[in-house]
**Student:** 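Okay, handing you the structure first.
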Amino acid sequence: MTGQGNRQTPIRACVIGWPIGHSRSPIIHKYWLERYGIDGGYEKKGVRPEEFPEFAKNLALHGFAGCSVTIPHKAAAFAIADRRDGAAMAVGAANLLWLADGQLWASNTDTYGFVANLDDQAPKWREAMDTALVIGAGGAARAVVHGLREEGVACVRVANRTFARATEICASFGEEPPKGAAGRVCRLETVAWDQRHAAVASAGLIVNTTSLGMTGQPELELPLDDARVDATVADIVYAPLETPLLAQAKSQGLAVVDGLGMLLHQAVPHFEKWFGVRPEVTGELRALLVSDITGRT
Ligand code: ATR
């Protein structure tokens, strides 16, 4: 919504999900509104799946310039938009909606958030881009695989409990060199769930994209004893901040990347789109979120 609307009217945005109580997006966007002295608003909107199309189609009537989209609406947001950018097209789901020229636009910033967070927390991951092992084959895995392809990882291996979903994700990206990867072809391979341990040894980057390890969920069983010394281990789970997988990696002296940074970085393009300022992910903002997470888990 950059540059649109009456400058005197405060711009309002929201996060839409169901349930929405857990969302930490308001903490992030309110911090930035205050930091940049912007007269705007950001709130949570609990919208049931059956009400989502009406709400999204009438964002302006509801008083919003755009919204963040979270579970379970990411596929519906992609489907309902008038226009979709390249990131949304690649992932097949949207976590950002905004109005421009009377049209509803959709994007997906999870890929950006994942890569920006890796670069932020473990920049050396780029020195081991030969092979990545991605655990999981859901929507989050699609965003991660897309990002790794774009960054030029030579081989991405996908292990998922339901093997057919791993096959599907690999087949859907195909062999075409992705944009931005300097023409490098990214080989996509499936790994059987019971072979994931064996696949650890070849990976320069290991990423958990499943909900395993999250508070209240079983942990991801993935022994890292055979991991390369130059491997980076990333988890998209951020509650707890240090998942059992990350604790294991840390105890072996491997580089670790927690999921909180992804949450923070994926919000950057959202704020910029609605409020016109590209915000910074500061240590102070991270500390605010850490204190909220540790207070609630
Ligand atoms: P998201 O869009 O957040 O990625 P999703 O599409 O529901 O969510 O995907 C969740 C991922 O976590 C999937 O890879 C799922 O494996 P399946 O495809 O076999 O369902 C994985 N997952 C969830 N619970 C799991 C468990 N107990 N063991 C192994 N994998 C699990």
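Atoms within a ligand are numbered from 1 in the order they appear, just like the ligands themselves. Atom set for the values below is all heavy atoms of this structure, side chains included, hydrogens, waters and symmetry mates excluded.
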**Student:** Verify the contact flag for atom 7 (O) of ligand 1, where contact means a protein heavy atom under 4.0 Å away.
**Tutor:** no
**Student:** Just which atoms of ligand 1 are under 4.0 Å from any heavy atom in A140?
**Tutor:** 1 (P), 2 (O), 4 (O)
**Student:** Could you say whether the N/O atoms of G139 and ligand 1 ever approach to under 3.5 Å?
**Tutor:** yes
**Student:** Considering only heavy atoms, which of R196, R165, R161 lies nearest to atom 24 (N) of ligand 1?
**Tutor:** R161
**Student:** Just to confirm my output: which protein heavy-atom neighbour is closest to atom 16 (O) of ligand 1, and how far is it?
**Tutor:** N160 OD1, 3.3 Å
**Student:** Between S68 and N95, is any side-chain donor less than 3.5 angstrom from a side-chain acceptor?
**Tutor:** no
**Student:** Between L212 and ligand 1, find which residue part has any heavy-atom pair under 4.0 Å and reply side chain, backbone, both or neither.
**Tutor:** side chain
**Student:** For the residue pair T111 and H146, confirm or rule out a side-chain donor-acceptor distance under 3.5 Å.
**Tutor:** no
**Student:** Any luck finding a side-chain donor-acceptor pair between Y238 and T243 under 3.5 Å?
**Tutor:** no
**Student:** Identify the closest protein heavy atom to atom 23 (C) of ligand 1: which residue and atom is it, and at what distance?
**Tutor:** S211 OG, 3.8 Å
**Student:** Is there at least one pair of N or O atoms, one from A137 and one from ligand 1, spaced under 3.5 Å apart?
**Tutor:** yes
**Student:** Quick one: which of A164, G138, A93 has a heavy atom closest to atom 5 (P) of ligand 1?
**Tutor:** G138
**Student:** Which ligand 1 atoms, with their elements, are less than 4.0 angstrom from a heavy-atom of T210?
**Tutor:** 12 (O), 21 (C)
**Student:** Below 4.0 angstrom from a heavy atom of G136, which ligand 1 atoms are there? Numbered from 1 as shown, please.
**Tutor:** 14 (O)
**Student:** In the protein, which heavy atom is nearest to atom 19 (O) of ligand 1, and how far is it?
**Tutor:** T162 OG1, 2.5 Å
**Student:** Compute whether any side-chain donor of one residue and acceptor of the other, for S172 and R142, lie under 3.5 angstrom apart.
**Tutor:** yes
**Student:** Decide whether an N or O pair under 3.5 Å exists between W193 and ligand 1.
**Tutor:** no
**Student:** Which one of N160, T210, D235, L212 satisfies the side chain to side chain contact (heavy atoms under 4.5 Å, CB included) criterion with I135?
**Tutor:** T210
**Student:** Is P218 close enough to touch ligand 1? Criterion: a residue heavy atom under 4.0 Å from a ligand atom.
**Tutor:** no
**Student:** Is the distance between the ring centroids of W32 and F275 less than 6.0 Å?
**Tutor:** no
**Student:** If you look at every heavy atom in T131 and S202, which pair is closest and at what distance?
**Tutor:** CB-O, 3.4 Å
**Student:** Looking at every non-hydrogen atom in both residues, tell me the closest pair between I236 and A140 and how far apart they are.
**Tutor:** CD1-CB, 3.5 Å
**Student:** Would you please indicate yes or no on a ring centroid separation below 6.0 angstrom for W98 and H270?
**Tutor:** no
